[in-house]
Amino acid sequence: MRFSKFLKVEADIVVARHALVMDETKSKAEPVIFLHPEFAKRSGVNDGDVVEVEANGRIVKLKVKLSDKAPESGGVIPNGIYASYLTNFDGFKRFKANIEVSEGELTSVEELLGKIKS
Amino acid sequence: MIMICPGCSCLCDDVYIKEGKVFNACRRGKEIFAKYNENRAVARVDGREVDVDTAIEKAVEILKEAKNPAIYGLDTTVVEAQKIAIDVAEKLNGYIDDNSSFCLGELVEAVLKGEMPTTTLDEVRDNAYVLVYWGTNPYHSLSRHLSKYTYYPRGKKRPRGYDEDRFLVVVDVRRSETAVLAKKNARFIRVDDDAELVDSFVKVVEGKAAKYAKDAGVIINEMKRADFNVIFGGLGLKYGLKDLNQFKEMVKKLNEVAPVYFIPAGFHGNMRGFNETLFERVGHVNKYSFRDGKSDEEFAFTELLKNEKIDAALIVGTDPVYSLPFEVSSKLGKINTIVVDPRMSFTARIADVVIPSAISGVEAGGTMVRSDGVRVKLEPLEEKEVNDVYILNKIKEGL
Amino acid sequence: MALNPMDIYKLLPKTNCKKCGEATCMSFAFKLLNREKKLEDCKPLYEDKKYERQRKKLEEMLKPLEEATETGLIVDESLCTGCGNCVVVCPVHVEKDPKGAAVGNGPTIDDPILRVEDGVVKVINMQACRRYGKNRVLCVVCRENCPSDAIRFLEG
Ligand code: SF4
Ligand code: SF4
Ligand code: SF4
Ligand code: SF4
């Protein structure tokens with residue numbers, strides 16, 4: 001079921017390294033997006049929400065954390081498989097995405113690996 | 001025992017381990033040492049576990065049969081292994097590339113070719129006044145850059161604190177953690193289009209009006225007060241500018257009025273090592289084709305994959321499935337892939353052949369090159385026999 | 001009694017005259033609480049007779065702040081990346097460890113105040129902190145240079 005009262009909003013996404021969200025052992029990836037508090041407020045998104053992030057026709061579900069270090073018109077997705085899945089080469093570090101509050105499971109790494117392998 | 005941390009191109013040289021604790025390394029560095037035994041790769045062929053020799057044999061077979069093989073990665077391994085990897089690429093008459101082709105390779109190349117004046121981080125610590133961080137947030141990517149080398153340490157000619165003896169400039173599209181530090185004697189410039197700021201610096205030197213004339217003017221005046229200033233350029237700069245020549249011109253222009261050096265902000269532990277090693281051999285820093293005898297955009301690993309120009313890839317110590325855009329990484333599933341890595345990386349999990357290796361700096365020694373070009377010798381805690389040098393040598397012999 | 005900036009603010013002149021170097025009286029109140037400003041920095045409070053009563057009250061109110069015996073330094077390890085900024089800027093380290101922390105390396109003295117261990121900063125020797133003991137000063141240097149607000153002081 002969808003939350004129909006929430007609208008899709010366009011967000012500026014910056015892809016950047018994040019020292020608190022990384023795994024040097026290359027085993028895990030955290031499905032997280034850091035949204036600017038102002039942007040989140042404007043868009044009706046709360047800390048801890050699950051959001052659908054859509055870009056270039058691909059979708060991932062990420063957990064929202066708020067960070068005032070994020071761009072005011074959107075958020076930061078840490079370097080890694082989730083950001084990589086969404087981007088295209090020409091928008092490798094910065095791209096536009098649609099964000100919508102959602103529910104259910106966060107996108108798993110296995111799901112994305114499956115798409116790459118197939 | 002004092003160790004070199006291989007975690008990023010800062011290659012910090014004051015890390016030690018005592019009573020099971022890692023001292024002085026940042027969070028990333030600590031993970032490498034403390035978790036060295038987690039998620040280790042196991043030798044595999046087509047998903048079956050095999051012994052290492054069998055995996056190497058299979059790798060040789062794939063490479064021999066390939067019509068268009070590429071070697072990719074190598075930014076976290078030592079120079080000694082990078083050299084052998086280049087031999088392998090030459091023997092195969094194939095392609096070789098690393099992450100720098102979509103990272104800071106172009107900037108390193110400009111430095112190696114002498115197109116921008118450069119210096120070392122030790123010189124920066126002792127002498128630098130204006131420090132410009134452009135399109136990089138070292139707090140997350142090179143955590144100790146400011147504290148160990150640039151803004152915070154006292155230097156010979158900069159004995160007073162950061163708030164008197166340094167002038168910090170941060171250029172970014174957002175107010176990053178590093179930007180937050182730009183308080184007193186400092187400047188944060190938020191840009192949308194990096195080219196406009198580059199242009200403003202040039203115009204201000206020429207005495208003309210420009211969009212960021214005020215900021216650029218203040219910074220240029222500060223630069224004039226010192227005989228040593230430095231710009232650190234990161235990925236944001238590379239992707240923010242369509243044409244890096246503009247930036248090189250700007251650095252030249254600034255040097256008409258004050259000494260300004262350039263150092264690539266940094267990257268994987270030994271990315272610069274790869275650039276320099278390949279540069280010494282063939283005169284190019286990355287995306288090189290031995291068959292064509294030249295370097296070109298179309299030989300970048302990402303382009304080769306996207307355009308389906310290769311049928312096999314030997315991937316060493318890097319994780320393209322994790323880091324490359326889907327349109328590129330999804331093609332990996334369609335070719336023969338061999339992964340050499342200490343960890344069961346994302347790419348290893350979808351690869352045809354996995355060859356487990358040693359962690360450079362922890363289980364294997366050798367040379368790495370810091371972001372500023374300084375060569376550093378790594379001493380392992382314990383020497384593992386099967387390391388990148390061993391594996392790549394075996395492959396080379398097998399061909 | 002816990003101090004809060006609102007109570008302080010109520011007793012300030014509330015004219016936002018900026019003479020203290022702050023844009024508003026409210027931000028001055030915050031800085032007072034963080035010991036980054038002294039009450040004397042608010043000139044009108046001392047110069048204008050009509051504020052005398054308020055000033056006396058404020059002086060009374062701020063006393064516990066001056067007398068705090070603990071340095072009150074708190075590190076939130078979940079925010080710390082081990083960047084080492086705090087270790088290197090600390091003026092006590094600079095003085096005592098000229099070959100270590102002062103030049104950007106990990107501390108080489110046995111009893112640094114702060115040290116990065118297992119990737120995050122740990123408080124090792126609180127007693128050496130300038131906020132501690134009889135001759136304390138209201139140092140905030142480490143906190144000011146923490147990019148992720150991982151360092152806080154008890155009072156604010
Ligand atoms: S800054 Fe880089 S080299 Fe230094 S400890 Fe951290 S990861 Fe290691
Ligand atoms: S000087 Fe006093 S009255 Fe003026 S803003 Fe500061 S606190 Fe308020
Ligand atoms: S408050 Fe000052 S003296 Fe105390 S640890 Fe922080 S920087 Fe050092
Ligand atoms: S400055 Fe902040 S993030 Fe850096 S080591 Fe100190 S507490 Fe941790």
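Each chain gets a letter, A, B and so on, in the order its sequence line appears, and its residues count up from 1.
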**Asked** Can you tell me if A:R17 uses its side chain to pair, donor with acceptor, with the backbone of B:L142 under 3.5 Å?
**Response** no

**Complete:** Here the pair of heavy atoms bringing A:T25 nearest to B:N39 is O-ND2, 2.8 Å

**Fill in**
In terms of heavy-atom pairs under 4.5 Å with chain B, the winner among A:L86, A:L20, A:V21 is A:L20

**Prompt:** Does atom NZ of B:K183 have more than 12 heavy-atom neighbours, drawn from other residues, nucleotides or ligands, at distances under 6.0 Å?
**Reply:** yes

**Fill in**
Heavy atoms of A:R58 and B:F326 approach each other most closely as CD-CD2, 3.6 Å

**Prompt:** Does any non-hydrogen side-chain atom of B:R27 lie less than 4.5 Å from one of A:E24?
**Reply:** no

**Request:** Identify which part of A:N88 has an atom lying under 4.5 Å from any heavy atom of chain B, answering side chain, backbone, both or neither.
**Result:** both

**Asked** With chain A, which of B:R40, B:K306, B:E31, B:R174 has the greatest number of heavy-atom pairs at distances under 4.5 Å?
**Response** B:R174

**Asked** Who are the salt bridge (charged side-chain N to carboxylate O under 4.0 Å, His left out) partners of B:K30, not counting sequence neighbours?
**Response** none

**Item:** For A:K69 against B:S176, the heavy-atom pair lying closest together
**Value:** CD-C, 4.0 Å

**Item:** Option from B:T318, B:D319, B:D341 for which side chain to side chain donor-acceptor pair (under 3.5 Å) with A:K26 holds
**Value:** B:D341

**Message:** Report which part of B:T136 has an atom under 4.5 Å of a heavy atom belonging to chain A: side chain, backbone, both, or neither.
**Reply:** neither

**Request:** Quick one: pull up OG in A:S27 and CZ in B:R349 and give me the separation to the nearest 0.5 Å.
**Result:** 6.5 Å

**Message:** Is A:V109 close to chain B through its backbone or its side chain, or both, or neither, when contacts mean heavy atoms under 4.5 Å?
**Reply:** side chain

**Message:** Under 4.5 Å from any heavy atom of chain A, what part of B:Y239 do you find: side chain, backbone, both or neither?
**Reply:** side chain

**Request:** Nearest 0.5 Å please: distance from the CD1 atom of A:I116 over to the OG atom of B:S329.
**Result:** 3.5 Å

**Message:** Main chain of B:S323, side chain of A:S84: is a donor-acceptor contact present, judged purely on distance under 3.5 Å?
**Reply:** yes

**Prompt:** CG of A:D23 to NZ of B:K35: how many Å apart, nearest 0.5 Å?
**Reply:** 6.0 Å

**Request:** Could you tell me which portion of A:D68 (side chain, backbone, both or neither) has an atom closer than 4.5 angstrom to a non-hydrogen atom of chain B?
**Result:** backbone

**Item:** Contact leader toward chain A among B:E38, B:R28, B:R175, B:E327, where contacts are heavy-atom pairs under 4.5 Å
**Value:** B:R28

**Request:** Please look at A:A83 and chain B and tell me whether the side chain, the backbone, both or neither of the residue comes under 4.5 angstrom of a heavy atom of that chain.
**Result:** neither

**Asked** Under a 4.5 Å heavy-atom cutoff, which of B:L332, B:T302, B:I359 has the most pairs with chain A?
**Response** B:T302

**Message:** If you count heavy-atom pairs within less than 4.5 Å of chain B, which of A:R94, A:H18, A:K28 leads?
**Reply:** A:H18

**Prompt:** Could you give the distance from CG (B:D192) to CG (A:D12), rounded to the nearest 0.5 Å?
**Reply:** 8.5 Å

**Message:** Less than 4.5 Å to any heavy atom of chain B: does that hold for the side chain of A:V76, its backbone, both, or neither?
**Reply:** side chain

